[in-house]
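Here is the structure we will look at, set down as structure tokens.
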Amino acid sequence: MTNYLNLPVKEINELLKKKEIKVIDLINESFEKIEKNKDLNCFITLNKEEAIKTAEELDKKEVDSLLFGMPIIIKDNINTKNLRTTAASKMLENFIPIEDADVIKKIKDKNMIIIGKANMDEFAMGSSNQTSYFGPVKNPWNKTLVPGGSSGGCASSISSRIAPFALGSDTGGSIRQPASFCGIVGLKPTYGRVSRNGLIAFASSLDQIGPMTKNVYENALLLNEIVGPSNMDLTSIEREKEDFTRLIGEDIKGMKIAIPKFYMNENIDKEIREKLESVINILKENGCTIDYVDIAYIEQCVLLYQIIAMGEASSNLARFDGIRYGYSYENPKDFDDLYLKTRKIGFGSEVKRRIMIGSYLLSGDNANIYYNKALKIRNAVRNNFLKVFQDYDLIIGPTTTTKAYPLGKDLDDAVKSFLDDILTIPVNMAGLPGMSLPIGFGRCHLPIGMQIIAAPFNEAQIYKLGSFIEKTLNLDLEPKEGDKDE
Amino acid sequence: MSNYLKTIGIEVHVELKTNTKIFSNSTNGYGKSANSLTNLVDLGYPGTLPTLNKEVVNLAIKACKVLNCNIRREMYFDRKNYFYPDNPKNYQITQFRTPIGYDGYVEIEVDGKTKKIEIEEMHIEEDTCKSTHRKNVTLLDFNRAGVPLIEIVTKPCIETPEEAKLYIEKLRSLLLYADISDCKMEEGSMRCDANISVRKHKEDPFGTKVEIKNIGSINNVKLSLEKESLRQIELLDAGKTFKEQTRRFDNKTNDTVLMRVKETGNDYRYFPEPDIPKLVLTEEQIEKVINTIPLLPDERVKLYKEKNISDVNIKKLIQNKPLSDYLNTLLDSNIDFTVASNLLLGDISKYLNENEKNIYDTTLTKERFIDLVNKISDKTLTNKNVKDILDKLMEEETSIDEILKKSGIQNIKDKSLIEEIVEKIIDANPESVEDYINGHDRALKYLMGQIMKETKGTVNPQLASQTLQKSLEKRKILN
């Protein structure tokens with residue numbers, strides 16, 4: 001088996017341009033690696049036939065960009081025309097979209113090749129990829145551990161070098177947390193940066209599609225191609241076109257960086273804090289100012305998230321009723337029976353739990369007591385973050401409170417799974433861009449990630465600092481055979 | 001039966017006359033084959049998002065203006081959550097907390113007095129799909145799903161079924177005139193729900209409220225409210241009580257029928273629609289839209305009165321907006337508006353109805369119409385002449401003079417020519433002249449007949465008659 005896909009994209013691109021390899025070689029390698037890593041359960045649907053056909057067509061064309069012919073993995077809650085899109089739910093087990101999501105149109109325009117639809121938590125609800133109707137995904141660093149979630153299939157397959165690129169989605173940490181658990185780079189862009197048209201909604205005011213890659217530079221490359229407003233998504237925002245790689249390699253001297261005190265509290269795994277301390281020392285040595293700051297309400301964000309995300313989810317998922325598409329209970333007695341049985345059988349237990357809580361939170365006076373109040377506090381959180389950015393270029397901290405944990409653990413503890421996300425959720429609440437990148441390994445050689453958070457639309461600053469840290473640490477981030485068994 | 005006071009509130013849903021739907025780009029149309037005007041957004045497919053049709057906002061601004069509502073400058077949309085097969089997303093996008101219009105009114109005439117019907121609020125929302133229940137199946141037509149609606153809610157300030165009817169009539173004419181909706185109740189582009197309760201004295205608390213849903217015509221608004229108030233009064237007089245409930249009006253029995261008793265308040269789990277950002281209206285936008293509102297009925301009545309058009313004709317003109325619009329383009333010209341309105345509402349209206357045409361589809365340009373009116377005013381043309389050449393006036397491009405020539409209608413108006421003819425006829429009929437002098441009036445009729453015969457009807461009858469009489473009188477004196 002070849003290992004071209006382990007190379008930096010720039011080098012693969014050179015080989016393509018020099019015609020030393022063909023696009024079809026990359027595609028074949030992807031599918032060989034998928035086969036080899038079958039036990040990771042990264043994919044729900046493969047796009048083999050179509051991918052090979054496209055590769056053969058592309059091999060007749062000129063290589064016109066860095067992304068030309070690159071295999072890409074798409075989280076299974078992003079609509080792909082004529083390619084099954086399930087959101088990892090029985091409800092959409094046989095759902096084949098008629099249209100591509102906006103981001104899919106964009107990557108197809110760049111001649112990227114979709115190799116498959118990645119496994120995930122059902123409707124992106126979960127932090128360990130254990131709520132998927134298609135079974136859990138495993139962590140390539142240790143197959144008895146979770147890969148994180150909800151974009152677990154994307155993270156696990158990028159870590160396994162099945163493809164250089166993946167598109168995930170992040171509502172409360174669903175890109176960054178699995179990126180951290182699997183030792184890859186994942187960015188949640190500013191809310192509104194990327195069109196959500198074609199993303200199966202979980203919580204509309206928080207959802208955002210973002211790139212997942214093996215390194216920082218390639219992450220910026222993919223972001224370059226997926227941003228931009230859409231006339232099909234009113235929450236997408238028009239910005240001047242920019243090259244997100246432009247600050248990579250620049251001197252970080254003089255950068256002012258803040259660390260929320262909450263992000264280094266003692267509930268966070270000691271190893272993770274230690275790794276972050278060592279990064280802080282490197283940054284200080286290289287001329288950065290680092291200060292610890294207080295951000296009011298940041299510790300309340302998980303509660304706000306539960307109210308807002310579940311409230312919105314309960315409404316967003318109401319459309320799955322068995323009438324127009326998706327799973328439909330056969331021979332119901334009446335409409336109520338159709339609704340009840342379709343939704344009882346079609347949704348998994350975590351999804352149902354969240355729909356029920358969300359419905360309760362919006363019922364009667366509760367909407368005022370909970371939802372509307374949460375929106376207010378959320379505004380305050382955003383303003384508090386923005387205040388920090390008046391004095392600092394970036395905020396850093398750990399991505400997660402723990403490293404990857406064993407499959408099956410805490411499955412029935414609904415609250416615990418949200419606590420995984422206490423460090424990622426504030427970023428969604430404030431609509432900010434945030435990225436997780438690997439900064440080392442803990443016990444049993446498990447990856448540890450750090451988070452870099454910027455002011456709205458300042459993704460380029462994140463990449464600047466991220467690439468510096470990446471280059472300085474120079475970690476070996478490919479899981480080896482030996483790593484995989486404890 | 002004792003006297004009861006009625007309290008009525010009315011909610012009207014009106015479909016807006018836009019090209020496309022409110023949150024998607026599918027066509028907004030009526031009467032097309034089922035499910036031909038839908039797309040993924042209308043069907044609530046996973047991953048689809050609403051966009052906002054600016055035309056809808058503009059028409060809503062217009063509606064606010066004609067209903068004298070305050071126009072909100074910053075507003076949100078909300079989701080109303082409920083499961084029903086006609087509701088593709090199982091939530092409806094509406095404006096719950098921030099309706100675009102509020103505190104408005106409509107004026108109606110009750111027994112010669114003006115009454116203000118107060119409007120509580122007016123909001124924008126999407127229509128549901130149309131469901132048809134047949135035995136064991138329900139058929140869904142999503143053509144209507146996402147059609148833009150405004151809902152207009154009055155305060156409970158209507159006191160009689162007649163007032164309710166007058167309000168709906170007025171509302172309809174305002175919305176029709178401002179080109180906001182075609183307001184066809186039979187096609188469902190205007191739908192009416194009414195709430196009614198009765199109580200004995202003004203000081204009493206409101207009685208139990210009953211809602212009558214989906215009233216299908218303006219007459220039924222009045223009829224259903226009359227029937228329902230009677231039903232309530234009979235129950236109360238018999239010492240019975242009833243629960244808050246929803247009823248519908250049955251066309252066959254001409255009475256209201258129970259649909260459901262309201263158990264507890266519906267829980268629609270309203271919350272702000274996260275897919276649509278805050279909508280902000282600028283003063284400039286509002287002004288621009290308001291400037292496009294055509295003249296409203298009351299304004300037209302005032303103008304027509306100034307032109308001395310009869311009350312009967314004014315009423316008819318208001319009921320016929322296309323003709324009223326046509327007449328409005330002529331208001332600056334110096335013509336006899338009595339003649340003009342008679343002509344429009346008489347022969348022209350008859351022609352248009354018979355030929356199923358719009359006045360703008362005819363060759364009767366503004367200039368030709370003015371010419372025609374003037375020719376009637378100065379007696380060049382008789383009513384009969386107009387009837388004879390009407391088809392040509394409406395269908396041919398040539399000038400009226402040309403048409404007259406071709407039709408052999410010359411309508412002789414030349415005084416000396418008329419005198420010449422009159423003299424000729426008098427000379428040829430000495431006995432009739434004799435009869436006239438002796439006081440036999442029918443001789444005049446006979447002589448006129450001879451003149452018409454001589455000229456083959458091309459002489460202006462009034463002028464000829466005048467000339468004849470003058471000439472005869474002269475002879476009478478001379479005699």
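Below, read A as the first sequence line, B as the second, and so on, with proteins coming before strands; counting in each chain starts at 1. Keep in mind the model is a prediction, meaning the values are calculated, not measured.
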Report task. Answer with side chain, backbone, both or neither: which region of B/L52 has an atom nearer than 4.5 Å to a non-hydrogen atom of chain A? Result -> both
Query raised in the report: Between CG of B/L43 and OH of A/Y325, what distance do you get to the nearest 0.5 Å?
Result: 8.5 Å
**Report entry** A/F335 side, atom CZ; B/F83 side, atom CZ - distance, nearest 0.5 Å
**Finding:** 13.0 Å
Query raised in the report: Above 12 or not: heavy atoms from other molecules or residues under 6.0 Å from NZ of B/K80?
Result: yes
Query raised in the report: To the nearest 0.5 Å, how far apart are CG in B/L40 and CG in A/N79?
Result: 8.5 Å
**Report entry** B/K130, NZ: over 12 other non-hydrogen atoms inside 6.0 angstrom
**Finding:** no
Query raised in the report: Given a strict heavy-atom distance threshold of 4.5 Å, which part of B/T138 is in contact with chain A: side chain, backbone, both, or neither?
Result: side chain
Query raised in the report: B/F271 vs A/Y371 aromatic rings, parallel, tilted or perpendicular, using cut-offs 30° and 60°?
Result: perpendicular
Report task. With a 4.5 Å cut-off on heavy-atom pairs, point out which of B/P46, B/P274, B/P50 contacts chain A the most. Result -> B/P46
Report task. Answer yes or no: is there a side-chain heavy-atom contact under 4.5 Å between B/D275 and A/D233? Result -> no
**Report entry** Which portion of A/A367 sits near chain B, non-hydrogen atoms under 4.5 angstrom
**Finding:** side chain
Query - Over 12 foreign heavy atoms within 6.0 Å of OH, A/Y360 - result: no
Query raised in the report: How many angstroms lie between atom CD1 of A/I200 and atom OG1 of B/T48, to the nearest 0.5 angstrom?
Result: 10.0 Å
Report task. Using only heavy-atom distances, determine whether the side chains of A/S315 and B/R79 contain a donor-acceptor pair under 3.5 Å. Result -> yes
**Report entry** Atom group of B/Y270 that falls short of 4.5 Å from chain A, counting heavy atoms
**Finding:** backbone
**Report entry** Engaged part of B/N81 at the chain A interface, taking heavy atoms whose separation is under 4.5 Å
**Finding:** side chain
Query raised in the report: Do other residues, nucleotides or ligands put more than 12 heavy atoms under 6.0 Å from A/K81 NZ?
Result: no
Query raised in the report: Picking from A/A201, A/S359, A/S205, which has the most non-hydrogen pairs under 4.5 angstrom with chain B?
Result: A/S359
Query raised in the report: Taking atom CG of A/D365 as the centre, does the number of heavy atoms from other residues, nucleotides or ligands within less than 6.0 Å exceed 12?
Result: no
Query - Option that, when pairs with chain B are counted at under 4.5 Å, heavy atom only, ranks first among A/R196, A/R319, A/E99 - result: A/R319
Query raised in the report: Under the criterion side-chain contact (heavy atoms from CB on, under 4.5 Å), which of B/I276, B/L49, B/L279 is the partner of A/L234?
Result: B/I276
Query raised in the report: For B/Y91, is it the side chain, the backbone, both, or neither that has a heavy atom closer than 4.5 Å to a heavy atom of chain A?
Result: side chain
Query - Sidechain-backbone polar pair: A/D321 side chain, B/N90 backbone, donor-acceptor under 3.5 Å - result: no
Query raised in the report: Counting only heavy atoms not in B/K209, do more than 12 sit closer than 6.0 Å to its NZ atom?
Result: no
Query - Any donor-acceptor N or O pair under 3.5 Å, side chains B/R97, A/N372 - result: no
Query - Note, A/N231 side chain near B/T51 side chain (heavy atom, < 4.5 Å) - result: no
Report summary line: Interface check, chain B: of A/N316, A/L206, A/L361, A/T85, most non-hydrogen pairs under 4.5 Å belong to A/N316
**Report entry** Check: B/D267 side chain, A/G364 main-chain N or O, donor-acceptor pair, under 3.5 Å
**Finding:** yes
Query - Atom pair CZ (A/R324) and CZ (B/F142), whose distance is rounded to the nearest 0.5 Å - result: 5.5 Å
